[in-house]
Amino acid sequence: MDSDNVTLRTCFNLPPNVNSKSMYHVDTKNGIWLNSSMPSFEAISIFIIAVSQALHFVLKRFGFPLFLSQLIAGILLVEAIIDIKLKDAEDSVKVLGTISSIGYAIHVFQIGVKTDIDMIGKVGKKAVYLGCFSIIGSVLCGLIAARNLTKDYKEFYESFLFLVITISTTSFPIVTSLLNELKIVNSELGRIGQSAAIFGDMLSMILINSMIVMRLYTEVGVNDALGFLGLVIAFIFIVFHVIRPAMKWIVRHTAKNGPVKHVYIYSIICIFLVITSLSKWVPQFIMAPYLLGLAIPIGPPLGSLIEEKFDGLTTGLFMPLFVATCGMRMDHAVIHDFKGLHITTNSILIGLTYLAKFGTCFIIAVFAKFPARDGCALALIMSAKGYVEMATISFLSDSKLIRNDLLCLMSIAVVIIGSFTPMLVKFLYDPSRRYTAYERRTLMHLSPYSNLQIVTCIHVPNHITAVANLLEVSGASGERPIGVHVLHLIKLSGQAAPVFISHDMNQQDFSDNYYYSENVIQSFTRFEANNWGTMSVNVFTSISAQDLMYQDICTLALDTSASLIVLPFHRRWYLDGSVESEDKSIRMLNRTVLDRAPCSVGILVDRGYKRRVFSSAMSGDLTQKVAMIFLGGNDDREALIYAIRMAEDHNVRLTVLRLICPDVAGATNWSKVLDSGVLEEAKSNRYIRYIEQEVKGGPETAVIIQSAMKEFDFFVVGRAAKLKRQQTEGLDEWMEYPELGVIGDLFATTNVEEKFSVLIVQQQYLNPRLV
């Protein structure tokens, strides 16, 4: 029997109705102004961003991620379009889907750019076991459960296989996003989680592509399956053996700290567009932009520049639109296909697969000697889901590899897991617990002839000289050596994972350890040689987000049993005493370290130094005049102990200036006893000049300190931020920098041309305030 001929007639307007005349003009032919595609698309975009941000403003207070708000915005958008009944809504949604898909490709490319492919070769055994077995264990358990739940091979290959693989995979972007959201990316758990995730991400891509090959083999044939596999292998070969060497060539031929040529940037964009088109021609090949991103070296000059160009538009516009379109798909599937689901069978399989992944991660964490709470948190992190899984589900649906019913159920599972994981991890894991003071790590509690361990931080080259001058007058000797741990802090840019490097001071080639720390390494190598036998210096580099640098500082202080952390002040001055620059991010970092530090902390204010001794191994008869301003209290006692240590150097002339009032307020009797004990040590030292001077209030104290600025090279004072004292009465109201205390603030805010440095010391808190 011959088939009937069917004629389809399609009508459309040329030119297309893109722009409306105005929102006040109603065309009887075209209807309301929103029926034009451009206004409609703009209105949809505004709706998604506005609704998602409004929802997130409420939901974030309960710990829900932005991802959930964007999905809900997409679901609400479908209802809004149905209610308004826009004529060209379908065209607008198609435009939205197209733009959001391109935006997601850019985002995936950007993630690849920020991912250090070399991390795979540096991953430790714990991370390898965690990343590998967490996936393999859950896949095996899920497949065994699937075979017991159905005997239908078609159902197995069409439904259960994709479901099990999707729930079992580990996504590096999702893990990194979760760690950044919870501000634990620099913690021990965060580092091992990222290392395991990047390894697991590679294994997940292999599994997903293997699954696609199997599906093509069973449904289309062996030729198409082998063709797809050959395309993937050929593309990977081209990316890592042609494109990546070309990217490294660009980096080598870019001047140090110089701009990358525009022709290179445009070439990379063209390659990206071509490869994105390839992924559209072969819908299953969704990993192409990500692999291209991996070919670009991380960090400056190339990786950070590309990340900077794409980041704002991708994060602020493209990703909210893409996640919302995933929500629109989810809503469509719920309306049309949810009633036909094998809800019980599929839900059981999802639950068993997730529990298998969680359990495998937890067992590995326990064997790695993680505490139970930390092990649970790590298992939740490795099992996290988010927009990457939603994208995978959407692309599998578009490629007709899964049915709409599976799209619905898998999307619901991803939403539930992705929504509650951050709250559970935050409840189980708090990295600040590690910094809580269980033992005294102060200068006062350090044995007289013990090695003093100091962690000092460097942000910019100017800090090197200031820190070196402080160390030079710190009283190091063969009997009382000082261990110095220099931490070069660099803002994370152009890469996803933070980096912590321990440099070998004897190493001469710095190319493998980030060339931008070379100046710090060479400077302190010379410093150690000039002070051989009295100081040992170790240099570290921390590349991390500005608001998380405190974790590396505190962790290094814990690991090295440091008694003092030295932080550079955020303000710098010209030679005439005027302000050169201020870095608010350094100030916030200093305040965070003061709150959380596991030992005593000193903030170093450098207003120039009269006698520079950094380049001199033997100071000879070069005398350094140091003054310690003592008013009383824990911080002042800690500062005095450090000053007494300085006096052990025969080139240091220490003067202890004690300011007293007829009636000392704000000090307990026990505090007076402790003050007297430390002061007696200073009085009995024949190398220390001790002076007592009576003051009646803050103004007299300010006059004395301003006079001392002209006489001394270096000052040591206590912070005493919360201590009310009669000697500083009235000065508190004018204090500009509370992190320095009243006395320290005078040194930092007074407009003078005198050259001096000041160390403001805060003694370790027994119970630091954890915020």
Side-chain angles (χ1 to χ4, degrees), residues 457 459-460 462-463 465-467 469-470 565-595 601-610 625-633 635-636 638-639 642-643 655 657 659 661 666 693 695-762:
C457 301
H459 293 275
V460 295
N462 285 3
H463 294 158
T465 304
V467 168
N469 283 314
L470 167 64
I565 297 172
V566 177
L567 306 171
F569 189 53
H570 70 277
R571 174 182 279 187
R572 290 185 286 164
W573 291 264
Y574 288 112
L575 294 176
D576 62 357
S578 59
V579 176
E580 177 184 357
S581 64
E582 287 190 355
D583 192 329
K584 301 296 184 183
S585 60
I586 295 179
R587 184 185 182 190
M588 292 303 299
L589 173 64
N590 291 348
R591 298 176 71 169
T592 305
V593 174
L594 286 169
D595 284 338
V601 181
I603 296 182
L604 180 60
V605 179
D606 180 34
R607 302 199 61 166
Y609 210 64
K610 291 178 181 143
K625 300 178 68 175
V626 180
M628 193 277 145
I629 312 296
F630 188 91
L631 280 71
D635 294 348
D636 281 35
E638 188 79 358
Y642 191 77
T655 298
L657 176 58
L659 302 180
C661 287
Q693 190 164 346
V695 294
K696 295 181 180 179
E700 290 190 15
T701 299
V703 171
I704 292 172
I705 289 176
Q706 289 178 4
S707 176
M709 292 177 187
K710 303 176 182 179
E711 182 181 353
F712 295 95
D713 308 316
F714 203 101
F715 293 88
V716 183
V717 300
R719 182 188 178 208
K722 299 179 181 179
L723 191 60
K724 299 295 183 181
R725 298 178 292 195
Q726 188 174 338
Q727 298 99 314
T728 59
E729 186 177 3
L731 297 178
D732 309 57
E733 301 173 2
W734 301 94
M735 186 166 53
E736 187 175 347
Y737 302 112
E739 65 268 26
L740 301 181
V742 177
I743 301 299
D745 185 77
L746 285 174
F747 285 103
T749 57
T750 304
N751 188 15
V752 295
E753 295 184 7
E754 298 299 328
K755 307 295 183 289
F756 55 84
S757 295
V758 189
L759 182 67
I760 298 97
V761 180
Q762 172 187 278

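If you read the sequence from its start, that first residue is 1, and numbering goes on from there.
- If you run side-chain contact (heavy atoms from CB on, under 4.5 Å) between Phe714 and each of Asn469, Val758, Leu759, only Leu759 comes through.
- Qualifying side-chain hydrogen bond (donor to acceptor under 3.5 Å, both in side chains) partners for Glu582, counting only residues two or more places apart in sequence or in other chains: Arg571, Lys584, Tyr737.
- The CG atom of Asp606 lies 10.0 Å from the CG atom of Leu470; values are rounded to the nearest 0.5 Å.
- Evaluation of the ring pair (Phe, Tyr, Trp, His ring centres under 6.0 Å) rule for Phe630 yields no partner, not counting sequence neighbours.
- Put simply, the side chain of Asp713 does not reach to within 4.5 Å of the side chain of Val626, judged on heavy atoms.
- Taking 4.5 Å as the limit, every side-chain heavy atom of Pro568 sits out of range of all side-chain heavy atoms of Leu604.
- Here the closest heavy-atom approach between residue Val695 and residue Glu700 is recorded as CA-OE1, 3.4 Å.
- Residues Asp635 and Val761 fail the side-chain proximity criterion, which asks for heavy atoms closer than 4.5 Å.
- Taken to the nearest 0.5 Å, the CD1 atom of Ile705 stands 5.0 Å off from the CG atom of Leu746.
- Here the CH2 atom belonging to Trp734 is positioned 12.0 Å from the CG atom belonging to Asp745, to the nearest 0.5 angstrom.
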Would Glu580 and Trp573 count as a side-chain contact (heavy atoms from CB on, under 4.5 Å) if you check the C-alpha gap in whole Å, the side-chain angles of each, and the deciding distance to 0.1 Å? CA-CA 5 Å; Glu580 177 184 357; Trp573 291 264; 5.7 Å; no
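- In this view, Glu739 and Arg587 satisfy the side-chain hydrogen bond (donor to acceptor under 3.5 Å, both in side chains) rule, not counting sequence neighbours.
- A distance-only check finds no donor-acceptor pair linking the side chain of Asp636 to the backbone of Val717 [under 3.5 Å].
- Asp583 is linked by a side-chain hydrogen bond (donor to acceptor under 3.5 Å, both in side chains) to Ser585, counting only residues two or more places apart in sequence or in another chain.
- Applying the side-chain contact (heavy atoms from CB on, under 4.5 Å) criterion to Val703, with sequence neighbours excluded, gives no partner residue.
- The aromatic rings of Phe715 and Phe712 lie perpendicular to each other, with more than 60° between the two planes, well past the 30° mark.
- One finds the CG atom of Leu740 at 4.5 Å from the CD1 atom of Ile760 (value rounded to the nearest 0.5 Å).
- Across Gly632 and Arg725, no two heavy atoms sit closer than the pair O-NH1, 2.8 Å.
- Between His570 and Leu589 the shortest side-chain heavy-atom distance does not fall below 4.5 Å.
- Residues Arg607 and Ser757 form no side-chain contact, since every pair of their non-hydrogen atoms from C-beta on lies 4.5 Å or further apart.
- Atom NE2 of His463 sits about 10.5 Å away from atom CG of Leu567, to the nearest 0.5 Å.
- Within the 4.5 Å cutoff, side-chain heavy atoms of Ile704 are placed close to those of Gln693.
- Listed here is the closest heavy atom pair of Thr728 and Val742: CB-CG1, 3.8 Å.
- Side-chain atoms of Arg719 do not come within 3.5 Å of backbone N or O of Gly744 as any donor-acceptor pair.
- Taking both residues in full, the closest heavy atoms of Ala639 and Gly718 are given as CB-N, 3.9 Å, listed atom of the first, atom of the second, then distance.
- Checked by atom type and distance alone, the side chain of Gln762 pairs as donor or acceptor with a backbone atom of Leu594 at under 3.5 Å.
- The structure places CD of Gln727 at 12.0 Å from CD1 of Ile629, a figure rounded to the nearest 0.5 Å.
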